[in-house]
Amino acid sequence: MKLNLKILKMTGHLLSRDMERQPDRNPRVLPALRVGAAVLCILLCAISRNAVFVITIITVELFRLAMRPPDDIAHVLKALILPVIFTFLIMLPAVFFGHPKTMLTVTLKVLESVMIIAVLNCVLDWQDVTQAFGVSENLSMLVLILDMTMRFLMILGDYSNQLLEAVTLRSVGKDSWKHAKVDGILGTTFMKSRQMAEATSEAMACRCFDGRYRCYESHRFSGYDLLYLGVAAIMVLFFVKTQKGV
Amino acid sequence: MHIPDNYLSPQTCGVMAAAMVPVWAVSVHKVKKELPKDKIPAMGVAAAFSFLAMMFNIPMPGGTTGHAVGGTLIAVILGPYAACLSMSIALLLQALIFGDGGILSFGANCFNMAFVLPFVGYGLYRILLRKKTSGRRELISAGIGSYVGINAAAFCAAVEFGIQPMLFRDTSGNALYCPYGLNVSVPVMMLGHLTVFGLAEVIFTVAVLAFVRRTALETTAVSTDAATPLPLKIFLMLLIAATPLGLLAAGTAWGEWDKAEIAKTGIGYTPKGMAKGLTYRALMPDYSLKGLPAGFGYILSALIGTALLIIVFKLLWRNKGEDEELQ
C-alpha cells in the first residue's frame, strides 16, 4: 500500500510538472542537437590535455547559468557542490604526492561535466531528452533501459527495505535463521523483480508499447538550429587549436 | 583608482574600512526596506556593467591609464544605496579573483568608488533634475553627476595616497608606503580624471542610461522569473567581446605599480612597507590566465566576473523571496 502510494506520488509529481511546463514546450533548438552538443562537450573536455579548453567551457557555462532564473541557478549550484567537493577530497592526496595539477584537472573536469548536465537539465524537459534519444532506435532502447532501471531501483529498494524491517521486527531472541536473512531478502527481491518484469512486459503489450519512443511533434530545422550547429563547430575547432603543441 | 595593497598604511586601511561599515549597514537596511524585490537581479546586472566599464583601460600621455567606473549610472537606475552595495561586491570580486585593488585597501576603494562616487554623482543628479524628468534633461543631469562623482572619488583617492608620506616615514626619512605627497598625487590623479577619464565616465553613463531608458530595461530586467532579457544579454555580450580594447592601453595606472615598478617611477627606492607588505596571489591576476593569450584571458575574465556578479544578486533575490514568503 505504502509502495503504491509512493509510485502514485511520483507519477503525480511528474504529471504536474508536465502541466506546468506545457506552455513552454516546443523548444527553439532541436533537443537532439542540445543533448548531442552537451555529450560532445563532455567528451572533448575528458580527452583535453590542457586546462584551457576546460576553463573556457566552464566560463561559458557559468555565463549561460547567470542568464537563467534564480531557481535554476540554485538548482545547478546544489547539484555541483557535492560532486566537486567529493572529487576534491578524493584527489587531495595527489597534492601531497607532488601532483597538484592532477587534482585541479580532475576537479575542473568533474565541475565542467556536472555543470553541463545540470544546465542542460534546466534548459530541457525530461520529455525533450527522451525525444532527443528517440531519434535512433538503439538510443531509444537506452532510454527505456535507463527509465526501467531508475524506476525499479526505487521500487525494489523500497521493497527490500520493507522486508528487512519486517525480518528485524520478528527476530527477537536467538534464531539460527537470522544469519540467513540477507541472502533471503536478496533472493526474495530477485524473485519479486522477475514477477515485476513479467508484469511490466504484459502491461507494455496491453498498451501496444514496444519500447520505442515515438515523437509526434515535428521540429522544423530553423535558424536557431543552424546557429547551434555553428557554435558546436566552433567549439570543436577551438578544441583542436588548444590541443596543438601540447 | 583601484588602490593596491601596501600603498596605504594598515592604519589608514583600518580607518577607511571602519568608515565604510556604517555605510554598508545603512545601505543593506535601505535596500531591504525600500528596493522592490524585483530590482535585486538588476543590481547584479548593474554591477556587471560597472565591472566591464572598469576593464576598458584608457591610455593617457605619460604612460598612465584609467577607466570609467559607472557608479553614478547604477545610482541613477537603482538608487545610491543599491549602487553602494553593487559597487562594493564588484570591487570585492575584482580584488579577490583578479587582484585589481588590494585586500587591505578594500575599505578605501569602497569608500572612494562605492560611497563617494555614487552618492556625490546621484546627489548632483537629483539637484539638477529637480522635479522634471524629461529624457534629455535626465541624461544631462546624469552626465554632469557622473563627471563630478568620478572626480570626487579620484580626489579622495589622491588625498589617501598623498597623506601617506606625511604620516608614515622610516628613520632615514623615506616613505613607508605611497611615496608621493599631496603635491604630486592630487594634480596627477585629478589631471586624468578632469579630462579623459571623466569624459569616459560621462560617455559611459549617458550611453548606457539612454539605452536602458529607450529599451525600458529597468522594468524588463526584472521579469517574473528574473531571467535576463535578450537585449540585455546581447548588450552584455557585445561589451564583453569588446573588453580586449582595454588592453590597448599598455601602461600601469598611476598609483597601481607593483614593487618592482615603483622604484623606477623616479623615487629611486621601494618603500619598506611595500617591500615587506601583504602579498596576495589572485586566481587570475591582471585579468589573465597563464598559458592564454592576453586578449582571450581578458574576455574570459569579463565573462567570469559578469556571470558571478549576476549569480550572486539573483541568489540574493531568491533568498529575499523566501524570507518574504516566510513572513
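Just so we're clear, the structure is a prediction, and the values are computed from it rather than from any experiment. Chain identifiers are assigned alphabetically (A, B, ...) following the order of the sequence lines, protein sequences preceding nucleic acid strands; residue numbering begins at 1 within each chain.
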Answer yes or no: are there more than 12 heavy-atom neighbours, outside D225(A) itself, under 6.0 Å from its atom CG?
yes
Drop me the distance from T59(A)'s OG1 to L300(B)'s CG, to the nearest 0.5 angstrom.
4.5 Å
Taking atom CG as the centre, does L153(A) end up with more than 12 heavy-atom neighbours from other residues, nucleotides or ligands that are less than 6.0 angstrom away?
yes
Could you look at L289(B) and say if it's the side chain, the backbone, both or neither that has a heavy atom under 4.5 Å from chain A?
side chain
Distance col, row M67(A):CE vs L236(B):CG, nearest 0.5 angstrom, shows 5.5 Å
Do L77(A) and L315(B) touch side chain to side chain, with heavy atoms closer than 4.5 Å?
yes
Interchain contact, I240(B) with chain A, by part (heavy-atom threshold 4.5 Å):
side chain
Atom pair CG (L308(B)) and CZ (F63(A)), whose distance is rounded to the nearest 0.5 Å
11.5 Å
Hey, what do you get for CG (L62(A)) to CG (L303(B)), rounding to the nearest 0.5 Å?
9.0 Å
Backbone of A66(A) reached by a side-chain donor or acceptor of K314(B) within 3.5 Å
yes
Are more than 12 heavy atoms, taken from residues, nucleotides or ligands other than F296(B), located less than 6.0 Å from that residue's CZ atom?
yes
Taking atom CZ of F86(A) as the centre, report whether more than 12 heavy atoms of other residues, nucleotides or ligands fall under 6.0 Å from it.
no
Given that the side chain runs from C-beta out, which part of F313(B) has a heavy atom under 4.5 Å from chain A: side chain, backbone, both or neither?
neither
